[in-house]
Peer 1: 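Quick one: structure below, then a few questions.
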Amino acid sequence: MKGSSVIYPGTFDPVTYGHLDIIERAVAVFGRLIVAVAHNPQKNPLFTVEERREMIRLSLGENPDIEVDDFDGLLIDYLKRRNARVVLRGLRALSDFEYEFQMALMNRKQDSTIETIFMMTSEAYSYLSSKLIKEIAYLGGSVKGLVPDPVAERLRAKFKEGGLG
Ligand code: COA
């Protein structure tokens, strides 16, 4: 486990201040972090993987301690490819717990060397979700203070093209 890369996986469709808060705090604790964007076609994402990666990169600015990558298929297979054993997830509320607990145990069942570490999302962002942000943007509401400016711009542009994904 010592020195193993820490992977923060998610769909990030799109990245929010809640995710960025976890990323920044995790880097402060672990020193380095790989943010891994799941293709997750079953979630029918609004943004392509490239767009999701680009929004994370633009929101973070230059930081050599953070790598932004993507993966398709099972998370444990990606961990193996990256020679990593630690998964980081953010917890917003009690309602997240059951799903996260299930995922952590399922991943460990498939590979007993995997550890999942949870960080509590800052209170200020505990009500955020990518789905609600997309809905607000789609209906013409303001997402200021919820997502970084480059993300807000891309949401506006996307909904000008039409559709909720
Ligand atoms: N602040 C604010 N919102 C947050 C947040 C935070 N810190 N952390 C998560 N969220 C929100 C997200 O915006 C998202 O909202 P949405 O559902 O409205 O879109 C929701 O919480 C959960 O999203 P996310 O963190 O992106 O996780 P996910 O559930 O979409 O993805 C994976 C989880 C990618 C890790 C999981 O699907 C996976 O491992 N997939 C690969 C396939 C696999 O291995 N499956 C077996 C798993 S056992």
Side-chain angles (χ1 to χ4, degrees), residues 5-73 75 78 82 84 86-100 103-104 116-165:
S5 301
V6 179
I7 309 260
Y8 179 39
T11 312
F12 304 109
D13 184 45
V15 69
T16 70
Y17 276 132
H19 297 122
L20 294 171
D21 165 61
I22 297 280
I23 293 172
E24 276 157 19
R25 286 172 32 224
V27 172
V29 174
F30 302 111
R32 251 191 70 74
L33 187 71
I34 301 172
V35 181
V37 178
H39 288 224
N40 237 348
Q42 61 274 27
K43 253 193 158 178
N44 196 15
L46 175 66
F47 293 100
T48 65
V49 175
E50 290 69 31
E51 288 170 329
R52 285 180 269 153
R53 281 181 64 158
E54 192 202 5
M55 285 185 281
I56 296 171
R57 232 2 335 150
L58 287 170
S59 306
L60 288 169
E62 274 312 307
N63 187 335
D65 298 327
I66 305 170
E67 180 185 337
V68 183
D69 194 9
D70 66 87
F71 73 102
D72 205 359
L75 178 60
Y78 174 70
R82 297 303 312 254
V86 183
V87 176
L88 172 74
R89 294 285 291 165
L91 277 182
R92 288 167 299 173
L94 207 56
S95 49
D96 281 344
F97 181 78
E98 207 166 312
Y99 170 61
E100 292 295 340
M103 264 203 312
T116 304
I117 291 177
F118 296 101
M119 281 182 93
M120 302 304 294
T121 302
S122 294
E123 270 168 61
Y125 305 122
S126 60
Y127 58 90
L128 277 189
S129 90
S130 299
K131 182 169 169 255
L132 284 180
I133 282 165
K134 282 180 280 193
E135 189 171 318
I136 292 167
Y138 174 65
L139 296 171
S142 167
V143 291
K144 207 172 162 47
L146 307 178
V147 294
D149 290 344
V151 176
E153 275 161 31
R154 275 161 183 77
L155 278 166
R156 264 194 300 276
K158 194 60 107 176
F159 290 127
K160 260 196 202 152
E161 290 167 17
L164 188 51

Peer 1: Counting neighbours of CG on Leu139 that are heavy atoms of other residues, nucleotides or ligands and sit closer than 6.0 Å, is the number greater than 12?
Peer 2: yes
Peer 1: Which pair of heavy atoms, one from Gly18 and one from Leu128, lies closest together, and at what distance?
Peer 2: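 It is N-CD1, 3.7 Å.
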Peer 1: Rounded to the nearest 0.5 Å, what separation is found between the CZ atom of Phe71 and the CG atom of Asn40?
Peer 2: 7.5 Å
Peer 1: Give a yes or no answer on whether the side chain of Asp70 reaches the backbone of Val49 with a donor-acceptor pair at less than 3.5 Å.
Peer 2: no
Peer 1: Do Arg57 and Glu62 sit within salt-bridge range, that is, some charged N less than 4.0 Å from a carboxylate O?
Peer 2: no
Peer 1: Look only at the side chain of Arg52 and the backbone of Ala38, and say whether a donor-acceptor pair between them is shorter than 3.5 Å.
Peer 2: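 The answer is yes, because a donor-acceptor pair under 3.5 Å joins these two groups.
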Peer 1: One thing to verify: whether Glu123 and Arg92 come together as a salt bridge, which I'm taking to mean a side-chain N less than 4.0 angstrom from a carboxylate O.
Peer 2: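 Salt bridge absent between Arg92 and Glu123.
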Peer 1: Flag the pair Asp13 and Lys131 as a salt bridge only when some basic side-chain nitrogen lies within less than 4.0 angstrom of an acidic carboxylate oxygen.
Peer 2: no
Peer 1: Do the non-hydrogen side-chain atoms of Arg32 and Val6 ever get within less than 4.5 Å of each other?
Peer 2: no
Peer 1: With rounding to the nearest 0.5 Å, note down the distance linking CD in Glu24 to CG in Asn63.
Peer 2: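 Spacing of CD (Glu24) from CG (Asn63) equals 8.5 Å.
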Peer 1: Ignoring hydrogens and angles, state whether a donor on the side chain of Tyr78 or Asp72 is under 3.5 Å from an acceptor on the partner side chain.
Peer 2: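 Note: Tyr78 and Asp72 side chains miss the donor-acceptor criterion.
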Peer 1: Nearest 0.5 Å, what's the CG-CD1 distance between Asp69 and Ile7?
Peer 2: 7.5 Å
Peer 1: Just wondering, do Asp65 and Phe30 contact through their side chains at under 4.5 Å, heavy atoms?
Peer 2: no
Peer 1: Quick check: does any side chain N or O of Arg154 sit under 3.5 Å from a backbone N or O of Pro150, one acting as donor and the other as acceptor?
Peer 2: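 Present.
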Peer 1: So, do Val37 and Ile56 sit near enough that their side-chain heavy atoms are less than 4.5 Å apart?
Peer 2: yes
Peer 1: Write down the atom of Val147, the atom of Ala152, and the distance for their closest heavy-atom approach.
Peer 2: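 Closest approach of Val147 to Ala152, heavy atoms only: CG2-N, 3.8 Å.
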Peer 1: Glu100: what forms a side-chain hydrogen bond (donor to acceptor under 3.5 Å, both in side chains) with it, not counting sequence neighbours?
Peer 2: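 Glu100 satisfies side-chain hydrogen bond (donor to acceptor under 3.5 Å, both in side chains) with Arg89 once adjacent residues are dropped.
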Peer 1: State the OG1-NZ distance between Thr16 and Lys134, to the nearest 0.5 angstrom.
Peer 2: 11.0 Å
Peer 1: Could you list all the ring pair (Phe, Tyr, Trp, His ring centres under 6.0 Å) pairs where at least one residue sits in residues 6-29, not counting sequence neighbours?
Peer 2: Tyr8-Phe12, Phe12-His19
Peer 1: Examine the side chains of Asn44 and Gln42 and answer whether a donor and an acceptor come within less than 3.5 Å of each other.
Peer 2: no
Peer 1: Side chains of Leu88 and Met119: does their closest heavy-atom pair fall under 4.5 Å?
Peer 2: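 Yes, close enough: below the 4.5 Å cut-off.
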Peer 1: Do any N or O atoms from the side chain of Arg25 and from the backbone of Met120 form a donor-acceptor pair under 3.5 angstrom?
Peer 2: yes
Peer 1: Okay, side chain of Ser122, backbone of Tyr125: is any donor-acceptor separation there less than 3.5 Å?
Peer 2: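 Answer holds: no.
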Peer 1: Is a side-chain N or O of Thr121 found less than 3.5 angstrom from the main chain of Leu91, in a donor-acceptor match?
Peer 2: yes
Peer 1: Between Val87 and Ile117, is any pair of side-chain heavy atoms under 4.5 Å apart?
Peer 2: no
Peer 1: Roughly how far apart are Asp149 CG and Leu58 CG, rounded to 0.5 Å?
Peer 2: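 It is 11.0 Å, given to the nearest 0.5 Å.
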Peer 1: Keeping the roles fixed (side chain from Ser130, backbone from Pro14), state whether a donor-acceptor pair exists under 3.5 Å.
Peer 2: yes
Peer 1: Does the pair Arg82 and Glu67 meet the rule for a side chain to side chain contact (heavy atoms under 4.5 Å, CB included), with working shown?
Peer 2: CA-CA 12 Å; Arg82 297 303 312 254; Glu67 180 185 337; 2.8 Å; yes
Peer 1: So, do Ile136 and Ser142 sit near enough that their side-chain heavy atoms are less than 4.5 Å apart?
Peer 2: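 No, their side chains stay 4.5 Å or more apart.
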Peer 1: Can you measure from CG (Leu46) to CD1 (Ile133) and round to the nearest 0.5 angstrom?
Peer 2: 12.0 Å
